[in-house]
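Have a look at the structure below, then the notes.
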Amino acid sequence: MTFKTIFIILISVLVTVILMNNTDEIDFWIFGEARIPKLAILGSMFGTGLLVGFLAGRPRKKLPIVDPTGIVAGENQQAFHTENRDQLSDEDREYIR
């Protein structure tokens, strides 16, 4: 088992034990008094934390790299190199070699 798997199992067991030992009702203010089980409040806060953590931790989409000529990196690279090679002077061609 990997560390990640063991960690997930331990957190799941810990959350289950905490939720099952807090089933009594409490007075909770949500724009007015309400009697809500601690289980519902703790469970919803844990779920909200998981959702926020997932959204904050996922990788962002990478934007394509655009060079000064407007060509996106990875697309039409052969055409780009051929196009620019035709515009080089003899001195530049010699320097590149």
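Only heavy atoms go into these numbers, but all of them, side chains included; no hydrogens, no water, no symmetry mates. For clarity, every value in this text was computed on a predicted model and none was experimentally measured.
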Could you tabulate the donor-acceptor pairs under 3.5 Å formed by side-chain atoms of residues 44-55, not counting sequence neighbours?
residue: S44; atom: OG; partner: A40; partner atom: O; Å: 3.0
residue: S44; atom: OG; partner: I41; partner atom: O; Å: 3.0
residue: T48; atom: OG1; partner: S44; partner atom: O; Å: 2.7

Donor-acceptor pairs under 3.5 angstrom involving side-chain atoms of residues 24-32: please list them, not counting sequence neighbours.
residue: D27; atom: OD1; partner: R35; partner atom: NH1; Å: 2.9

Listing, residues 2-18 side-chain donor-acceptor contacts under 3.5 Å, not counting sequence neighbours, or none:
residue: T2; atom: OG1; partner: T5; partner atom: N; Å: 3.4
residue: T2; atom: OG1; partner: T5; partner atom: OG1; Å: 3.0
residue: S12; atom: OG; partner: I8; partner atom: O; Å: 2.8
residue: T16; atom: OG1; partner: S12; partner atom: O; Å: 2.8

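For D90, the side-chain hydrogen bond (donor to acceptor under 3.5 Å, both in side chains) partners two or more places apart in sequence, or in a different chain, are R93. The side-chain hydrogen bond (donor to acceptor under 3.5 Å, both in side chains) search around D92 returns S89, not counting sequence neighbours.
The number of heavy atoms from other shown groups lying within 6.0 Å of CD (E91) does not exceed 12.
For residues 14-23, there are no salt bridge (Lys or Arg N to Asp or Glu O under 4.0 Å) pairs, not counting sequence neighbours.
Using a 4.5 Å heavy-atom cutoff, the side chains of L19 and L42 are in contact.
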